[in-house]
Amino acid sequence: MKIIFWLIDINYDLVNSVPEIRLWGVTREGKRVVVLDRSFRPYFYVLPKSTEKLDHLIDKIKSVYSAKYKVLDIKVVNRKYFGRDVKLLKVTCQIPALIPKIRDELSSLREVEEVLEADIRFYMRYMIDNNIVPSAWHEVEVEELEKPKEWQVDGVYLAKHPPRYVPEIAEIPKLRVLAFDIECYNPRGAPKPDRDPIIIISTATNDGEIKLFLADERNNDRSTIRSFVEYVLEKDPDIIVGYNSNGFDWPYLLERCSKHKIKLAISRTRSSPSQSVYGHFSVIGRANIDLYNYADEITEVKVRTLENIAEYLGVMKKSERVLIEGVEIHKYWDDPILREKLLRYSIDDVKSIIGLADKLLPFLIQLSNIVGLPLDQVVAASVGYRVEWHLMRQAYQYNEVIPNRVERRYRTYKGAIVLKPKPGVHENIAVLDFSSMYPNIMISKNISPDTYIPPEEKVDLNEVYVTPELGYKFRKWPPGFYKRVLERLLKARKEVRAKMKELDPSSVEYRILNERQKALKIIANATYGYCGWVHARWYKREVAEATTAWGRSIIRETIKLARDIGLQVIYGDTDSIFVKYEEDKVEDLIKIIKDKLGLEIKPDKIYIRAFFTGAKKRYCGLLPDGRIDVVGLEAVRGDWSELAKEVQEKIIEIILKENSVDKAIEYVNDIVNKLRRGEIPMSKLIIWKTVTKRLEEYEVRAPHVTAAKKLLSAGYMLTTGDKVGYIVTNKGGSSLADRAEPYIFVKDYSEIDIDYYINKQVIPAAMRILSYFGVREEQLISAKRQKSLLEFFE
DNA sequence: GCAGCCCTATTACCT
DNA sequence: ACAGGTAATAGGGCTGCG
């Protein structure tokens, strides 16, 4: 019989010394199935030092290592290694787990140059070789097997051949999603799993069910966890989502389980979640996703708590939810009246998580499909690994061997050009952008590790592209690896966008394609950064360097061409130029760039009025629809107080829309007075900063570090990467660092150092804009208020 | 002893 | 663990003055 299924998860197990690939999926009829393939064997390559005496090497491996490592076969194969034809030994074995061991032995042989592709996980190897794509449909001829009793599927099938990817089916099956969140008892500060029980496990499913599991009257969580496990099995979700679940909920649950000597048997084989790659927990047969991983990429939200991310994505407003300070959870639990509120809070959290999943999964599914990593892994993997997996799967298509990861010394290289803008107000500015500049440069100049020609190599100059400034040479032909990969991505994106034009924007298919084109763009644009990443398998400094060098040359040429036709260039950064808008000339410029440079530049937006501070990467502009862009300024930075940001934003609005400096001054005066009268909410005075390393590693006493230490000694939990919110107070010492207090500890307005907020927050943020108009600081501090005697003598 | 200067550490932004 | 370019603040060391 034949089945068609959508691939959710993949793993393997050794059954009677035979590796068995397990493909977990859902059929078009909505059946949960697992397809087994017992026909695949692990292998790797040996690159010999010389192609002579290959038979000798084969014999040696056979006689010395075959028995010990269950080698099944060794044969000579032709592959490409950085574009060059190579002869490799393909060594096939029986047991995946033995590969690292035989690799180590073989790589130390003197006849062996390098052992390749020995670090590819077995199930990924299987997917690459058989073009099996996660989050996509496959068809396969199968024979039904008896279902092991404890496996949670509707059918177990043995594949008669590797499944075939069916890219034509675009739809996404109806997947069952379960969100969960735990609350812990914390009367002694940050909860510790060896002593503090879980008091609430809240769950929500995408069919609208919400269910809570509570600890019993003696705060015992044993049956709580057991009921949760039962419930997960009953709901049998394809996807489990949490928020910081890899960092908190799973490890906590697992430790509570081991304490109670019970099993967190929630996988489709009744196994417990296990620590896997990229710091995530794998749940066999399901996709376990931690949405906090994705939230980290939403840079518009500065403090990425669940509440803030949910609000930003329109899932749940903060104003409509119960907010409880983390450390107070135990108090809410212990008090029968307050407990209702805690339950509400827990429900709001889990509702937010399921809401986020609903918003984000369509994109993540496309990303998984394009990158070729299973859904749970692609979410956990960082950008570099996503790009790399995309490349690894492409390499197989081109018969290229995957290079090993090698340790290299970090070296910087020159990047892009940024123009110094003329400070002040400019009217009518067009912003012109090169579309996907770096990918297009890599394509058009065929920049790739395999096309690079080292300086000592003699070559006909007609056959190479010579990099400006650096003189690096890249072969024009044949197309390099990066060129082929990027061309394919850009072409695919173009096709998707063309197809979208034929669809109703409110249709499901349109939504899927839109997420798909976004994913294609992200991978294409991240590929340049990847090639300059020292840990990349396809790292080549010259490749990254050449790409930025061409970028500089192109933007310089563009500026020159613009000026030649009389366009006034105001600013530019990397791949954009800001010009005084003259419709005809801009149209001409676009044509000239197309003809002379072979690249597409297009108007991104028009500013009716824009203000430049004079510094690079800091400006603001008024759009035709009345919206305002703020770029780089304090108003968009997460490390300034809300008050300072609000003041600056308002000033920008007054200047750009009303052009009134006096009104702006009046506004600042009003704010300063309000601040002095205690009329500004304390929440607007919090300054958030990230702790980027262990506290003892800091060389200077920074305010956020001292605040972090205060939190820690009060029993709070804090790890690298967390943000600390502090308020500057007037007690604790003379230096700012001493006076920075975690905001949760500041109870009274009288503790606040008002002068700090006036002089170091409001005034600098305001002056960033107003100093250009000749405004002096004194004008911003209320004229109505006389200086005190003390201040007079200071 | 301290004001003033300069350099460095630190963070977060832009493309 | 994708890249480099950039602005800005505060800490901290050093210098020169008295």
Side-chain angles (χ1 to χ4, degrees), chain A residues 278-279 296-297 299-300 302-303 381-391 405 407-408 410-421 431 433-439 442 522-541 543-549 551-552 555 571-578 604 613-619 629-640 644-645 687-693 697-706 720-721 723-724 728 734-740 756 759-761 764-765 767-768:
Chain A
Y278 315 121
D296 242 353
E297 296 170 35
T299 53
E300 291 89 339
K302 311 297 172 186
V303 183
S382 64
V383 176
Y385 291 107
R386 289 175 188 169
V387 171
E388 189 150 276
W389 275 108
H390 174 250
L391 292 172
R405 211 178 282 292
E407 272 199 58
R408 300 183 178 89
Y410 174 74
R411 241 181 94 178
T412 54
Y413 60 89
K414 217 164 144 192
I417 292 180
V418 188
L419 300 189
K420 209 170 167 68
V431 182
D433 270 353
F434 280 97
S435 4
S436 299
M437 187 197 228
Y438 285 164
M442 293 172 86
I522 281 174
I523 297 300
N525 286 343
T527 302
Y528 147 72
Y530 169 85
C531 79
W533 177 41
V534 277
H535 298 297
R537 290 175 191 265
W538 277 276
Y539 170 82
K540 187 87 187 155
R541 198 195 74 249
V543 167
E545 237 183 326
T547 305
T548 57
R552 293 192 296 273
I555 205 76
Y571 179 61
D573 185 347
T574 312
D575 61 352
S576 69
I577 59 166
F578 291 50
D604 181 40
T613 59
K616 296 170 177 181
K617 297 184 189 281
R618 306 186 124 227
Y619 59 90
D629 272 346
V630 180
V631 179
L633 295 165
E634 285 75 4
V636 295
R637 290 183 63 100
D639 56 353
W640 283 73
K645 294 180 0 165
I687 296 163
W688 292 93
K689 274 196 166 74
T690 312
V691 175
T692 60
K693 49 190 165 190
E697 287 177 288
Y698 279 92
E699 294 179 43
V700 291
R701 286 171 48 78
H704 71 297
V705 179
T706 52
T720 303
K723 277 200 158 72
V724 175
V728 177
S734 57
S735 79
L736 188 50
D738 290 326
R739 288 180 290 123
Y756 172 82
N759 297 321
K760 301 290 180 173
Q761 290 278 322
M767 286 300 282
R768 197 80 58 217

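Each chain gets a letter, A, B and so on, in the order the sequences are listed, and its residues count up from 1. This one's a predicted model, so the numbers in the text were calculated from it and none came from an experiment.
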Counting side-chain heavy atoms from CB outward, which of C/dG11, C/dG5, C/dA8 is closest to A/Trp640? C/dA8
Taking NZ, NE, NH1 and NH2 as the nitrogens, is one of them in A/Glu300 or A/Arg637 under 4.0 Å from a carboxylate oxygen of the other? no
Apply ring-ring contact (aromatic ring centres under 6.0 Å, His included) to residues A/Tyr539 and A/Tyr530 and explain how you reach the verdict. CA-CA 7 Å; A/Tyr539 170 82; A/Tyr530 169 85; 9.2 Å; no
Atom pairs, protein N/O to nucleotides 7-12 of chain B N/O, distance under 3.5 Å:
{"from": "B/dT10", "atom 1": "OP1", "to": "A/Lys693", "atom 2": "NZ", "distance (Å)": "3.2"}
{"from": "B/dT10", "atom 1": "OP1", "to": "A/Glu699", "atom 2": "N", "distance (Å)": "2.9"}
{"from": "B/dT10", "atom 1": "OP2", "to": "A/Lys693", "atom 2": "NZ", "distance (Å)": "2.7"}
{"from": "B/dT11", "atom 1": "OP1", "to": "A/Thr690", "atom 2": "O", "distance (Å)": "3.3"}
{"from": "B/dT11", "atom 1": "OP1", "to": "A/Thr692", "atom 2": "OG1", "distance (Å)": "3.4"}
{"from": "B/dT11", "atom 1": "OP1", "to": "A/Tyr698", "atom 2": "OH", "distance (Å)": "2.6"}
{"from": "B/dT11", "atom 1": "OP1", "to": "A/His704", "atom 2": "NE2", "distance (Å)": "2.7"}
{"from": "B/dT11", "atom 1": "OP2", "to": "A/Thr692", "atom 2": "OG1", "distance (Å)": "2.4"}
{"from": "B/dT11", "atom 1": "O2", "to": "A/Arg637", "atom 2": "NH2", "distance (Å)": "3.3"}
{"from": "B/dA12", "atom 1": "OP1", "to": "A/Thr690", "atom 2": "N", "distance (Å)": "3.0"}
{"from": "B/dA12", "atom 1": "OP1", "to": "A/Thr690", "atom 2": "OG1", "distance (Å)": "2.7"}
{"from": "B/dA12", "atom 1": "OP2", "to": "A/Thr690", "atom 2": "OG1", "distance (Å)": "3.0"}
{"from": "B/dA12", "atom 1": "O4'", "to": "A/Arg637", "atom 2": "NH2", "distance (Å)": "2.8"}
{"from": "B/dA12", "atom 1": "N3", "to": "A/Arg637", "atom 2": "NH1", "distance (Å)": "3.4"}

Hey, is the main chain of A/Ala416 close enough, under 3.5 Å, to the side chain of A/Thr548 for a donor-acceptor pair? no
Charged N to carboxylate O under 4.0 angstrom, A/Asp573 versus A/Lys616? no
Run the side-chain contact (heavy atoms from CB on, under 4.5 Å) test against A/Thr613 and tell me which residues pass, sequence neighbours left out. A/Phe611, A/Ala615, A/Arg618, A/Leu633, A/Arg768
Just the rounded figure in Å: distance from P of B/dC14 to CZ of A/Arg618. 9 Å
Between A/Phe434 and the options A/Asp575, A/Thr574, A/Asp604, the side chain to side chain contact (heavy atoms under 4.5 Å, CB included) test singles out A/Asp575
Send over the distance from A/Asn525 CG to B/dC14 C1', rounded to a whole Å. 14 Å
Using only side-chain N and O atoms of A/Tyr619, determine if any of them is under 4.0 Å from OP1 or OP2 of C/dA7. no
Check the side chains of A/Tyr698 and A/Thr692 for a donor-acceptor pair under 3.5 angstrom, ignoring hydrogens and angles. yes
A/Tyr539 side chain near C/dA1 phosphate (N/O to OP1/OP2, under 4.0 Å): no
Does C/dG5 have OP1 or OP2 sitting under 4.0 Å from an N or O in the side chain of A/Tyr413? no
Please report the distance, rounded to the nearest Å, between NZ in A/Lys617 and P in C/dA7. 9 Å
Residue A/Pro764, side-chain heavy atoms: nucleotide from B/dT15, C/dT9, C/dA1 that is nearest: C/dT9
Taking CZ from A/Phe578 and C1' from B/dT15, how many angstroms apart are they, rounded to a whole number? 10 Å
Spacing of A/Tyr528 atom OH relative to C/dG5 atom C1', expressed in whole Å: 10 Å
Sequence-distant partners of A/Ala549, side-chain contact (heavy atoms from CB on, under 4.5 Å), two or more places apart: A/Thr467, A/Leu470, A/Arg552
Just checking A/Phe434: base, sugar-phosphate only, or nothing, at a heavy-atom cut-off of under 4.0 Å? nothing
Between the axis at one end of the helix from B/dG1-C/dC17 to B/dT15-C/dA3 and the axis at the other (five pairs apiece), what's the angle to 10 degrees? 10°
May I ask you to say what A/Ala737 touches in the nucleic acid, namely base, sugar-phosphate or nothing, with a heavy-atom cut-off under 4.0 Å? sugar-phosphate
A/Lys540 NZ - C/dA3 P separation (whole Å): 18 Å
Any chance you could lay out the ring-ring contact (aromatic ring centres under 6.0 Å, His included) test for A/Tyr410 and A/Trp533, step after step, and finish with the verdict? CA-CA 9 Å; A/Tyr410 174 74; A/Trp533 177 41; over 10 Å; no
Kindly give the heavy-atom pair with the smallest separation between A/Val543 and A/Cys531, and that separation in Å. CG1-SG, 3.6 Å
So which pairs with a foot in residues 522-539 of chain A pass salt bridge (charged side-chain N to carboxylate O under 4.0 Å, His left out), sequence neighbours left out? A/Asp119-A/Arg537, A/Glu388-A/Arg537
Rounded to the nearest 0.5 Å, what separation is found between the NZ atom of A/Lys645 and the CH2 atom of A/Trp640? 11.0 Å
Starting from C1' on C/dC2, measure out to NE2 on A/His390 and report it in whole angstrom. 15 Å
So which nucleotide from C/dG12, C/dC2, B/dT15 ends up closest to the side chain of A/Arg701? C/dG12
Looking at A/Tyr571 and A/Lys617, what are the two nearest heavy atoms and their distance? OH-N, 2.9 Å
Side chain of A/Tyr410, heavy atoms from C-beta onward: which of C/dT9, C/dG4, C/dA7 has the nearest atom to it? C/dG4
Please encode protein proximity along nucleotides 1-6 of chain B as a string of B, S and -, counting only heavy-atom distances under 4.0 Å. ------
Round to the nearest Å and state the distance from A/Arg768 atom CZ to C/dA7 atom C1'. 8 Å
Closest-nucleotide ordering on DNA chain C, the 5'-leading residue of A/Gly614 and A/Ala526: A/Ala526
Which is true for A/Gly529 with a 4.0 Å heavy-atom rule: it touches a base, it touches only sugar-phosphate, or it touches nothing? base
